[in-house]
Protein chains: 4
Amino acid sequence: MKKTKPKYRQIIDAAVVVIAENGYHQAQVSKIAKQAGVADGTIYLYFKNKEDILISLFQDKMGYFVEKIEEKIAGKEKAAEKLLMMVESHFRMLSEDRHLAIVTQLELRQSNKDLRHKINEVLKGYLALVERILADGRESGEFPADLDIRLARQMIFGTMDETVTTWVMNEQKYDLTALAEPVHKLLIGGCGKL
Amino acid sequence: MKKTKPKYRQIIDAAVVVIAENGYHQAQVSKIAKQAGVADGTIYLYFKNKEDILISLFQDKMGYFVEKIEEKIAGKEKAAEKLLMMVESHFRMLSEDRHLAIVTQLELRQSNKDLRHKINEVLKGYLALVERILADGRESGEFPADLDIRLARQMIFGTMDETVTTWVMNEQKYDLTALAEPVHKLLIGGCGKL
Amino acid sequence: MKKTKPKYRQIIDAAVVVIAENGYHQAQVSKIAKQAGVADGTIYLYFKNKEDILISLFQDKMGYFVEKIEEKIAGKEKAAEKLLMMVESHFRMLSEDRHLAIVTQLELRQSNKDLRHKINEVLKGYLALVERILADGRESGEFPADLDIRLARQMIFGTMDETVTTWVMNEQKYDLTALAEPVHKLLIGGCGKL
Amino acid sequence: MKKTKPKYRQIIDAAVVVIAENGYHQAQVSKIAKQAGVADGTIYLYFKNKEDILISLFQDKMGYFVEKIEEKIAGKEKAAEKLLMMVESHFRMLSEDRHLAIVTQLELRQSNKDLRHKINEVLKGYLALVERILADGRESGEFPADLDIRLARQMIFGTMDETVTTWVMNEQKYDLTALAEPVHKLLIGGCGKL
DNA sequence: TATGAATGAGCCTTCATTCAT
DNA sequence: GATGAATGAAGGCTCATTCAT
């Protein structure tokens with residue numbers, strides 16, 4: 001399996017660094033190859049084309065993301081707790097890998113519509129996880145019986161995404177992880193008064 | 001004033017159509033000129049360069065956006081009502097101009113970091129409007145005194161944006177406007193139970 | 001006659017200034033029109049096309065050049081004296097009009113081969129004057145009977161031209177007129193010893 | 001070293017031919033590539049940009065020029081002899097490569113001021129050689145002690161340049177090399193009588 | 001496997017000239 | 001005569017991908 005060979009990872013990791021530091025449009029294959037310490041042609045022994053590097057990168061990181069969050073959630077009983085774990089993990093993991101944060105929040109969105117659709121396919125795994133938490137909460141009576149799960153998922157993901165993007169656009173100047181708890185509170189209670 | 005001349009509008013409108021139908025990277029200046037019914041060179045009598053078309057397009061539409069929403073809000077007393085008007089207007093205006101929806105949600109985000117920052121400057125006018133509604137609600141006691149306005153704004157904008165993007169990615173198959181009311185309810189009350 | 005109308009001169013003079021200050025390739029017709037205080041289209045009432053401005057400019061200035069030199073020479077008897085007058089006048093006139101010096105020595109030479117041939121036609125009037133002085137000197141016995149007039153003309157013109165160009169390329173930092181006498185001495189006596 | 005690779009020379013040589021035959025402004029990169037038998041992109045593996053081809057071309061040819069002339073001069077003792085060798089070599093080398101003659105005398109001068117200054121830098125090597133001959137001659141007493149070397153250099157180079165340009169403008173119809181001896185005589189003795 | 005030299009398609013912008021007013 | 005808005009052709013350069021070694 002190619003995905004387990006060292007050069008596969010080398011190239012993925014190089015891509016993250018090169019895209020974060022140079023921007024999507026200045027991340028030429030030759031630059032990625034150089035950063036990875038391989039020849040340009042070698043890239044094509046591991047990836048179908050440039051787009052394939054980007055999708056693989058996203059799959060790879062997103063898979064790790066979902067996996068870690070599922071671990072965190074495993075022990076929790078309450079949906080609200082699970083949600084907090086998710087927001088915290090989401091913010092923390094991107095805080096800890098600033099290159100990755102730049103790539104996912106800014107650079108990868110510059111890709112064309114086609115690639116964006118493929119990235120969205122990968123994202124579905126994460127969105128499904130959000131929906132599962134919401135469905136659990138609804139079943140257990142913790143969330144309203146008439147909660148529109150799709151809309152609620154859009155609120156949750158949209159809010160987290162916007163919060164992270166704002167943080168990245170502000171050059172990651174403040175502590176993102178500290179926002180997990182207040183953001184969670186907003187998501188559960190809304191911005192209205194009780 | 002160039003911005004009031006008919007060709008200025010012609011070109012802006014042509015750009016929206018061409019970008020929506022062909023995608024950002026396939027929206028050549030010559031294609032926009034043809035759609036606008038002018039010569040390639042004429043574009044440069046009204047715009048500094050291709051990027052300037054995009055920024056002007058965004059300023060133009062966003063200005064109209066903010067203006068319309070402010071009109072709608074004007075008569076309302078309650079912050080919650082204002083918020084509903086905003087979500088409704090946001091969804092309705094993008095529903096009514098499907099080309100524009102594609103451009104703002106998908107295509108314009110493919111622009112490079114530089115252009116993205118300029119677009120963000122324009123966006124600030126809208127975000128300020130959201131924050132004004134929140135501040136009003138907090139002052140009137142309608143929203144909690146400890147509401148973090150910035151975070152709440154991120155929730156509101158993030159949720160609307162994600163909702164519209166999901167709708168566009170699903171090829172605008174369902175009625176976006178109908179989601180305004182339930183989305184508003186979510187934003188006010190959160191996804192938790194009372 | 002168009003050539004006597006005030007706008008004709010206005011445009012020629014504007015062209016000299018614009019070319020000297022902006023360079024040949026940055027001397028657009030619209031810039032010349034603006035400097036001349038006329039509309040772009042007006043240029044074409046007085047000149048066939050852009051090339052025609054340049055040729056006319058050169059004809060105009062060169063005509064004045066030859067005329068002035070002929071005046072200076074008129075009274076002189078000796079060919080060597082005439083030659084000195086010519087070198088002095090040549091250097092002085094270009095010293096006094098630095099814009100013109102830049103245009104003739106640097107900018108006009110960037111024109112294409114076609115225009116260069118036309119400029120050469122105009123130059124022939126000046127070259128003929130040089131040859132006349134040489135022929136006079138040969139006839140009067142002042143210069144050797146076997147003097148190759150064409151070659152001598154090339155030496156004289158080439159030397160003057162190179163001297164002026166070097167002066168312009170050195171940003172006209174030194175007194176060009178002061179070089180007339182030593183240059184004349186070199187042309188008459190060569191660089192060898194008597 | 002890129003400069004020793006065969007494609008480097010191929011492209012330089014192609015550029016000379018294409019520029020001579022089509023003129024500077026009609027010498028598109030694609031034309032040069034075609035003539036060189038390489039792809040357009042290959043040009044950019046060997047040259048930074050189009051201007052770099054021209055500068056390299058000039059450096060290359062001028063380097064060869066100076067080298068050849070220095071070889072010729074090496075054995076000579078008298079400055080006048082050296083000067084003759086130089087004029088002869090200069091005329092002969094341009095006679096033998098008519099394409100190159102057109103390029104150096106007409107086409108390369110159409111380049112913009114910036115490139116012109118770079119070309120001038122290269123030319124300095126040749127001008128220094130001329131000055132060295134003159135200085136030698138002055139030291140040895142062959143030339144007058146008060147000879148202004150800079151002016152004499154301007155006479156010599158200006159005369160040679162004008163002679164070659166006139167020959168090229170006359171479509172190289174006569175034997176340029178035959179002019180070396182009479183031109184040399186003029187330069188040494190001037191056009192005056194002993 | 002790995003290399004890296006070579007390929008070649010594709011587009012924004014300028015500016016001399018025209019012509020309706 | 002005078003205007004100036006409109007025209008439209010034309011080319012240098014980048015970079016993802018290939019393939020002979």
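Naming: A, B, ... by sequence-line order, numbering from 1 per chain.
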(message) Could you work out, with side chain to side chain contact (heavy atoms under 4.5 Å, CB included) as the rule, every residue matching E21(A), not counting sequence neighbours?
(response) V17(A), H99(A)
(message) Holding to side chain to side chain contact (heavy atoms under 4.5 Å, CB included), I want the full list of residues that pass it with D13(A), two or more places apart in sequence or in another chain.
(response) R9(A), K61(A)
Just the table, please: protein N/O against nucleotides 18-21 of chain F N/O, every pair under 3.5 Å.
none

(request) For dA6(F), take OP1 and OP2 only and decide whether either is under 4.0 Å from a side-chain N or O of Y46(B). (result) yes
(request) Check the distance between dA6(E)'s P and K7(D)'s NZ and give it to me in whole angstrom. (result) 4 Å
(request) Please tell me if the side chains of S56(D) and Y8(D) come closer than 4.5 Å, counting only heavy atoms from C-beta onward. (result) yes
Could you pull out every donor-acceptor pair under 3.5 Å between side chains of residues 27-34 of chain C and any protein atom, sequence neighbours left out?
residue, atom, partner, partner atom, Å
Q28(C), OE1, K31(C), NZ, 3.4
Q28(C), NE2, Q26(C), OE1, 3.3
K31(C), NZ, Q26(C), O, 3.0

(request) Have a look at Q26(C) and say if it touches a base, only the backbone sugar-phosphate, or nothing, with a 4.0 Å heavy-atom cut-off. (result) sugar-phosphate
(message) Under 4.0 Å, heavy atom to any atom of DNA chain E: which of residues 27-35 of chain B qualify?
(response) Q28(B), V29(B)
(request) Would you write the dot-bracket representation of DNA chain F, where each base gets (, ), [, ], | or . depending on whether it forms a Watson-Crick or G-U pair under 3.5 Å and with which partner? (result) .||||||||||||||||||||
(request) With sequence neighbours excluded, tell me which residues meet salt bridge (charged side-chain N to carboxylate O under 4.0 Å, His left out) with K7(C). (result) none
(message) Closest approach to the side chain of N49(A), judged atom by atom: which nucleotide of dC13(F), dC12(E), dT17(F) is it?
(response) dT17(F)
(request) Using the test side chain to side chain contact (heavy atoms under 4.5 Å, CB included), find all partners of Q59(D) that sit at least two apart in sequence or belong to another chain. (result) K3(D), I55(D), V122(D)
(message) Taking only side-chain N and O atoms of T42(B), does any of them lie within less than 4.0 angstrom of OP1 or OP2 on dA6(F)?
(response) no
(message) Nearest heavy atom decides the nucleotide; on that basis, is A39(B) or A39(C) closer to the 5' end of DNA chain F?
(response) A39(C)
(message) Between P on dA16(F) and CG on N112(A), what's the gap in Å once rounded to a whole number?
(response) 13 Å
(request) Not counting sequence neighbours, which residues clear side chain to side chain donor-acceptor pair (under 3.5 Å) with T42(C)? List them please. (result) none
(message) Going by the rule side chain to side chain contact (heavy atoms under 4.5 Å, CB included), which residues pair with A101(C) if we only count those two or more places apart in sequence or in a different chain?
(response) L94(C), W167(C), V168(C), Q172(C)
(request) Only counting residues at least two apart or in another chain, list the ones meeting side chain to side chain donor-acceptor pair (under 3.5 Å) with R109(A). (result) D161(A)
(request) Could I get the full list of salt bridge (charged side-chain N to carboxylate O under 4.0 Å, His left out) partners for K118(A), not counting sequence neighbours? (result) E51(A), D114(A)
(request) May I have the distance from K50(A) (atom NZ) to dC15(F) (atom C1'), rounded to whole angstrom? (result) 8 Å
